[in-house]
Amino acid sequence: MIPAPTYTDLLRALTLGTARRELVPKIGAWLDSLDAIDPTADDAERLLAALGITERLHRFSERPTHERDNTARQSPPETRPAPSPRLARGLQLILEGTYPNLLVEGIATVLERGTYVPPALLPALHPRAAALLDDAPEFAQQCLEASGERGKWLAQRHPDWSALLSGYDYSAAYHREEQPAGKASLLTRWRRIDATAARNALAADWPQQSPRNQEALVQGLRTGLTPADWPWLREVLLPKRKGVRRAVTELLLLAREPTTVVDFNRIARAVVSEWGDFNRVLPKGELKELLATYGTTKAPDTLPQRLLRTLPPESWAELTTLPLPAFWLNLKPLELRDAARAIITYQEARTVLEFAKFLILEQPAGFPAATGTEVMRLLPPADFHALYDELLTKTPNALQLRSLPRLLALGRTTPWSERLSRAIVSHLIDGLRAQQLDYDLQRELTRQWKQAIPLVHVDTFAWLRQQLHATTERYDAFGKLATELLQTTAFRRELHRA
């Protein structure tokens with residue numbers, strides 16, 4: 001039997017086109033052996049047919065490779081008490097789409113109560129949990145834990161849910177995957193289970209990969225970096241492609257590899273003064289060669305931007321005589337954004353808190369709210385609420401329409417304190433009292449109302465009923481949003497009481 005061509009080879013051929021590269025004869029022979037296409041078809045049609053068939057064969061081959069216990073025809077009994085009818089009904093409303101944004105709160109309630117998600121809702125829960133394995137792995141595991149014994153039993157028997165299990169065969173899945181992005185995603189998950197095995201799999205695969213693929217694949221090692229990763233990362237630091245060198249350098253710095261840290265501190269001292277001022281001209285001589293070893297910089301980035309984005313954030317307090325808030329205050333908007341990216345990458349708790357305080361008190365002009373939101377989401381609720389208590393005490397009007405503190409608070413994923421809830425809702429209501437709301441202002445306010453709905457503290461419900469009474473009687477979108485805010489808060493209050 002003629003072997004099937006690989007999906008990757010066919011995709012490359014399709015990218016170039018049959019006008020630039022003739023169809024490989026074995027592809028035509030393979031199609032003829034399957035009797036899958038008209039023999040008179042031209043090369044372009046045969047290539048498209050081969051790609052379609054191969055893609056479907058590739059998709060059908062993706063099945064869990066761990067051994068199944070076929071003797072277990074029935075799920076094991078639950079070890080925890082069943083959920084109350086009120087909680088079960090609440091979970092149904094969340095998972096079936098009435099309150100989809102409250103899944104985190106619903107799962108947290110299940111785990112706090114020591115119960116489990118009803119079996120009938122698992123087909124709605126597991127797909128959402130599996131889809132979050134890359135972006136929110138801890139929450140995906142919480143979903144699996146909340147699914148009870150039947151949930152784990154079902155995951156063992158479903159190809160799309162089996163990756164939730166600790167016994168998932170990442171080695172087989174990695175070698176089965178052909179796309180670099182998919183491989184990198186699998187490496188990231190695998191590193192949480194067995195960092196050494198994941199690195200060894202990439203090391204074995206590395207020589208066969210193109211530099212472009214290597215640049216994507218190495219991102220899969222960002223999770224769980226330790227000194228054990230140093231030797232291999234230093235070994236692969238010298239390919240021809242600068243992008244690979246830059247990607248590997250970021251991992252070496254994130255892993256605190258001593259040689260790389262010392263080298264980058266040397267480069268940083270050559271471009272920053274003790275007062276925090278940057279020389280934005282690339283260094284020459286020995287330092288220029290040293291920087292080239294690590295992939296130099298890529299336009300439009302400047303060297304200060306790259307250093308700010310990759311060096312450990314606390315390094316700048318050692319390289320200058322300034323405390324970090326004073327150093328950040330001197331940075332240009334793009335440089336401050338890159339400093340924030342480093343804080344998000346390294347996630348050192350004290351620096352995260354210090355930068356979050358800097359953002360809401362100083363409100364630097366031009367700073368992207370999306371990046372600030374990522375910083376704020378790293379704060380534990382207690383630290384977040386303490387910061388906003390300080391802000392509201394010092395500056396009662398700090399939560400104006402487009403102020404950075406207001407945008408950052410609206411980007412949280414955990415509920416606000418009672419004080420912050422009252423402050424933001426009051427500002428949202430005040431925003432509707434303007435004599436004329438233009439289109440841009442209406443759109444901005446609508447977005448902010450929607451963001452606030454799942455974040456308001458449930459103990460403010462009685463106060464909300466009083467404050468929103470007039471707003472709910474409006475005949476526009478804001479009347480509906482005010483009603484939705486009341487309904488959602490009432491639902492959340494009942495969920496907590498379930």
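Position 1 is the first residue of the sequence, and the numbers go up from there. Below, each value reflects all heavy atoms present in this structure, side chains not excepted, and no hydrogens, waters or symmetry copies. Everything numeric here is computed off the predicted structure, so don't read it as measured data.
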Under 3.5 Å side-chain donor-acceptor pair for Glu390 and Thr393: no

Derivation of the salt bridge (charged side-chain N to carboxylate O under 4.0 Å, His left out) call for Glu484 and Lys480: CA-CA 6 Å; Glu484 185 180 348; Lys480 294 179 180 179; over 6 Å; no

Shortest non-hydrogen separation from Asn265 to Leu319 and the atoms involved: O-CD2, 4.0 Å

CA sep, side-chain torsions, deciding dist, call: Asp205, Gln209, side chain to side chain donor-acceptor pair (under 3.5 Å): CA-CA 7 Å; Asp205 194 27; Gln209 297 294 333; 3.1 Å; yes

Between Glu348 and Thr351: side-chain donor-acceptor atoms closer than 3.5 Å: yes

Residues which pass salt bridge (charged side-chain N to carboxylate O under 4.0 Å, His left out) with Arg222, listed by chain and number, not counting sequence neighbours: Glu250

Ring geometry between Trp190 and Tyr174 (parallel below 30°, tilted from 30 to 60°, perpendicular above 60°): tilted

Return all side-chain donor-acceptor pairs below 3.5 angstrom for residues 357-372, not counting sequence neighbours, or 'none' if the list is empty.
none

Glu138 versus Gln142, side-chain donor and acceptor atoms under 3.5 Å: no

Distance, nearest 0.5 Å, that separates CZ of Phe478 from CH2 of Trp449: 8.0 Å

Nearest atoms (heavy-atom pairs only) where Glu149 meets Pro76: CB-O, 3.8 Å

Modelled atom types, side-chain donor and acceptor of Arg191 and Thr223, under 3.5 Å: no

Cationic tip of Arg412 above Phe384 ring, under 6.0 Å, 45° of axis: yes

Glu494 and Arg497 ion-paired at < 4.0 Å: yes

Glu215: partners by side-chain hydrogen bond (donor to acceptor under 3.5 Å, both in side chains), with sequence neighbours left out: Arg241

Smallest separation among heavy atoms of Ala163 and Leu133, with atom names: CB-CD1, 3.7 Å

Glu314: partners by side-chain hydrogen bond (donor to acceptor under 3.5 Å, both in side chains), with sequence neighbours left out: Arg256

Test item: side-chain donor near acceptor, Glu105 and His496, under 3.5 Å: yes

Closest approach of Gly431 to Leu437 (non-hydrogen atoms, all atoms of both residues): O-CD2, 3.5 Å

Parallel, tilted or perpendicular: ring planes of Trp316 versus Phe327, cut at 30 and 60 degrees: parallel

Salt bridge (charged side-chain N to carboxylate O under 4.0 Å, His left out): pairs with one or both residues in residues 303-313, sequence neighbours excluded: Asp301-Arg309, Arg309-Asp338

Please list, one pair per line, the donor and acceptor atoms closer than 3.5 Å that link side chains of residues 452-467 to other protein atoms, with sequence neighbours excluded.
residue: His457; atom: ND1; partner: Asp459; partner atom: N; Å: 3.0
residue: Thr460; atom: OG1; partner: His457; partner atom: O; Å: 2.6

